[in-house]
Amino acid sequence: MSTFYFCALATLFFTWQTIHLGRDYRIPAGVFLALTLLGLLDRLQTKQSIRRNYPVLGHMRFLLEFIRPEIRQYFFESNTDAEPFSRNQRSLVYQRAKSVTDKQAFGTQLDLYTTGREWINHSAAPVNHHESEFRVKFGGPDCSQPYEASLFNISAMSFGALSANAIRALNKGAHMGHFAHDTGEGSISPYHLEYGGDLIWELGSGYFGCRTQDGRFDPEQFARQASLKQVKMIEIKLSQGAKPGHGGVLPGSKVTREIALTRGVPEGVDCVSPAAHSEFSTPLELMAFIKRLRNLSAGKPIGFKLCIGHPWEWFAICKAMLETGIRPDFIAVDGAEGGTGAAPVEFADNMGYPLREGLAMVHHTLVGLGLRDEIRIIASGKIVSAFDIARACAMGADTCNSARGFMFALGCVMAQACHTGNCPTGVTTQDTDRQKALVPENKAERVFNFHKNTLKALGELLAAAGVSHPEELTPHHISRRVSEHEVRLLSEIYPQAEHREILEGKRSTKMLERYWDKASASTFALPRG
């Protein structure tokens with residue numbers, strides 16, 4: 001209350017000085033009058049206790065809370081606090097995106113004796129490092145238009161979640177570096193097509209870009225979009241790491257004319273993305289949908305993305321592959337640590353398998369079924385460095401996707417305001433003025449550099465480990481500290497499947513022992529008994 005009274009007395013004092021002594025104190029009198037009126041409103045309102053008990057001064061609490069992330073990030077956060085990305089991680093991306101030195105002096109800043117610390121083991125006989133693009137072929141025997149993909153690609157981020165200029169910059173960078181750009185479930189916008197970069201078209205439960213007026217899948221629209229030369233693969237989104245099993249609503253106020261045209265929805269009307277697909281409800285129907293899309297796309301690679309949830313659902317999908325003989329060309333495994341523009345806190349923090357456990361389960365099962373050579377695995381979830389890629393490949397991934405890494409390359413400062421429309425760097429906003437801060441031509445160069453320099457660093461890392469290609473990496477190459485006095489190889493932590501062992505009746509993990517026989521290709525549910 002003392003601040004309020006002080007403002008009131010100051011108003012009277014400066015007003016008296018102005019009127020009776022002829023001194024020009026109109027500005028301070030006006031300022032303190034405004035503060036006094038603000039304090040009066042604080043005292044009269046009943047919604048916020050702090051403002052009621054501390055008129056005027058109470059607003060400092062809300063101001064400090066508003067700028068808390070920036071204060072913490074720039075003044076108090078250490079270089080290694082990874083929440084969600086450390087300063088060192090972000091700096092590494094910025095440096096590689098700008099093609100400036102990414103070397104470090106004076107040794108590591110990490111505590112190598114912390115439980116959970118991981119590293120790649122070097123070889124006493126390192127190989128010569130040769131520049132390589134590390135290409136990986138996607139497309140099984142039923143695919144007539146296979147795709148040679150880069151090992152490192154841009155993960156799913158929709159137009160609408162990202163600005164038009166961000167999409168332009170990402171796609172131009174992908175075109176320059178000959179790597180792929182995942183559209184996200186918001187469909188293919190004009191900005192995805194402007195520079196000719198390779199596209200992975202993500203097909204979510206809303207079927208945006210190929211839907212009927214009532215939100216069902218439209219095969220004719222799909223075939224037209226899929227025939228675009230830029231579209232190299234199609235990815236069915238079952239779930240994503242940051243909010244698995246959760247649909248979404250883009251409020252009508254945000255459904256601009258551009259977004260409406262891109263997604264095939266009415267302008268100004270709430271755009272609903274259901275939690276589940278309407279075209280299939282069982283694993284067998286999912287396989288049939290994969291075959292249908294492959295035919296409609298004239299033989300382009302078709303796969304699906306999921307964050308592992310109930311293990312029996314994953315086993316049911318595998319049984320459907322065996323029963324139908326239909327295989328996806330790829331499976332994208334998204335980790336629960338993955339990012340999103342906006343997700344309920346409980347979903348982001350407490351839903352879905354983290355990448356490493358999900359990746360290990362998918363790889364192990366496919367090996368045990370003798371299907372691993374037919375299906376490529378993509379890993380995504382907090383991958384920004386060459387070591388992140390190497391670890392994912394050692395655990396079974398063929399290629400890796402990164403979303404936030406490429407956002408950093410665009411200039412993202414991790415303001416964590418993606419869902420507000422107030423992104424300070426123009427990456428995640430539809431505000432045309434804010435978007436102007438992001439110049440596509442300039443940022444495309446940084447996207448290209450980040451990709452190129454990260455793969456260069458990966459090549460050097462592999463050479464030191466004594467291998468020439470990521471496909472040679474195994475869990476034997478990576479170590480993890482599991483306690484203060486014990487270090488174990490990942491091959492000792494995660495089960496290593498033998499080829500076709502599941503078909504031969506072996507159940508080498510507790511998950512397989514409990515759920516494999518119970519899982520059914522005809523349902524995602526776990527049958528009773």
Would Q89 and R404 satisfy side-chain contact (heavy atoms from CB on, under 4.5 Å), going step by step from the backbone distance to the final call?
-> CA-CA 11 Å; Q89 288 174 306; R404 288 170 291 181; over 6 Å; no
Should I389 and F134 count as side-chain neighbours, where that means a heavy-atom distance under 4.5 Å?
-> no
Close aromatic pair by centroid cut-off 6.0 Å: F406 and F179 | yes
Thinking salt bridges, do R135 and E148 make one under a 4.0 Å N-O criterion?
-> no
Output, in order, the C-alpha distance, side-chain angles, deciding distance and verdict of side-chain contact (heavy atoms from CB on, under 4.5 Å) for S522 and T282.
-> CA-CA 6 Å; S522 62; T282 69; 5.7 Å; no
May I ask you to say whether D329 pairs ionically with R294, meaning some side-chain N is under 4.0 Å from a carboxylate O?
-> yes
How many angstroms lie between atom CG of L526 and atom CZ of R514, to the nearest 0.5 angstrom?
-> 12.0 Å
Between V93 and G405, what is the shortest heavy-atom contact and its length?
-> CG1-O, 3.3 Å
For residues L438 and T425, determine if any side-chain heavy atom of one lies less than 4.5 Å from a side-chain heavy atom of the other.
-> no
CG (D334) and CG (L238) are apart, to the nearest 0.5 Å, by 11.5 Å
Here the gap from I200 atom CD1 to M233 atom CE, rounded to the nearest 0.5 Å, amounts to 3.5 Å
Taking all heavy atoms of G396 and all of L359, pick out the closest pair and write down the distance.
-> C-CD1, 4.3 Å
Can you check whether N401 reaches I383 side chain to side chain, under 4.5 Å on heavy atoms?
-> no
What heavy-atom pair brings M395 and A360 nearest, and what distance separates the two atoms?
-> CE-CB, 4.1 Å
Ring centres of F450 and F152 under 6.0 Å apart?
-> yes
Has the side chain of H451 got a donor or acceptor atom that lies under 3.5 Å from a matching backbone atom of F448?
-> no
Any idea which heavy atoms bring S158 and E185 closest together, and the distance?
-> OG-N, 3.1 Å
Is a salt bridge present between D517 and R507, judged by a nitrogen-to-oxygen distance below 4.0 Å?
-> yes
Aromatic ring proximity, centroids under 6.0 angstrom, Y195 and H175 | no
Are the side chain of H277 and the backbone of K237 linked by a donor-acceptor contact shorter than 3.5 Å?
-> yes
Find the distance between CD1 (I377) and SG (C400) and round it off to the nearest 0.5 Å.
-> 11.0 Å
Check the pair F330, T399 against side-chain contact (heavy atoms from CB on, under 4.5 Å), reporting the backbone distance first and the verdict last.
-> CA-CA 10 Å; F330 65 92; T399 66; over 6 Å; no
Which heavy-atom pair separates A166 from L410 by the least distance, and what is that distance?
-> CB-CD1, 3.9 Å
Residue pair L228 / W201, side-chain heavy-atom distance below 4.5 Å | no
Any side-chain heavy atom of L92 within less than 4.5 Å of one from V384?
-> no
Charged N to carboxylate O under 4.0 angstrom, D398 versus R372?
-> yes
So, the side chain of E118 versus the backbone of I478: is there a donor-acceptor pair under 3.5 Å, distance only?
-> no
Would you check, one step at a time, whether the test side chain to side chain donor-acceptor pair (under 3.5 Å) holds for S155 with D182?
-> CA-CA 5 Å; S155 197; D182 194 311; 5.7 Å; no
Please report, to 0.1 Å, the donor-acceptor pairs under 3.5 Å made by any side chain of residues 313-323, with sequence neighbours excluded.
from, atom 1, to, atom 2, distance (Å)
W314, NE1, T365, OG1, 3.1
K319, NZ, W516, O, 2.6
K319, NZ, A519, O, 2.8

Assess the side chains of S508 and H364: does a donor N or O sit below 3.5 Å from an acceptor N or O?
-> yes
Shortest non-hydrogen contact from N165 toward Q435 = ND2-O, 3.1 Å
Under 3.5 Å: donor-acceptor pair, side chain of Q221, backbone of P219 = no
Side chains of N88 and S91: do they bring a donor and an acceptor to under 3.5 Å?
-> no
Has the side chain of T212 got a donor or acceptor atom that lies under 3.5 Å from a matching backbone atom of D218?
-> no
Do the non-hydrogen side-chain atoms of P475 and Y494 ever get within less than 4.5 Å of each other?
-> no
Would a 4.5 Å heavy-atom cut-off, applied to side chains only, mark L193 and L199 as touching?
-> yes
Going from CZ on F208 to CD1 on I188, what distance comes out if it is rounded to the nearest 0.5 angstrom?
-> 14.0 Å
Taking the side chain from S150 and the backbone from N153, do they hold a donor-acceptor pair closer than 3.5 Å?
-> no
Okay, side chain of E357, backbone of I308: is any donor-acceptor separation there less than 3.5 Å?
-> no
E235 side chain to E202 backbone, donor-acceptor under 3.5 Å | no
Under 3.5 Å: donor-acceptor pair, side chain of Q430, backbone of G160 | yes
Full working for side-chain contact (heavy atoms from CB on, under 4.5 Å) between T262 and H192 | CA-CA 11 Å; T262 296; H192 287 98; 6.0 Å; no
Rounded to the nearest 0.5 Å, the NE2 atom of H181 sits from the CG atom of L170 at a distance of 4.5 Å
pair E498-E504: side-chain heavy atoms closer than 4.5 Å = no
Backbone N or O of V231 within a donor-acceptor pair of the K300 side chain at under 3.5 Å?
-> yes
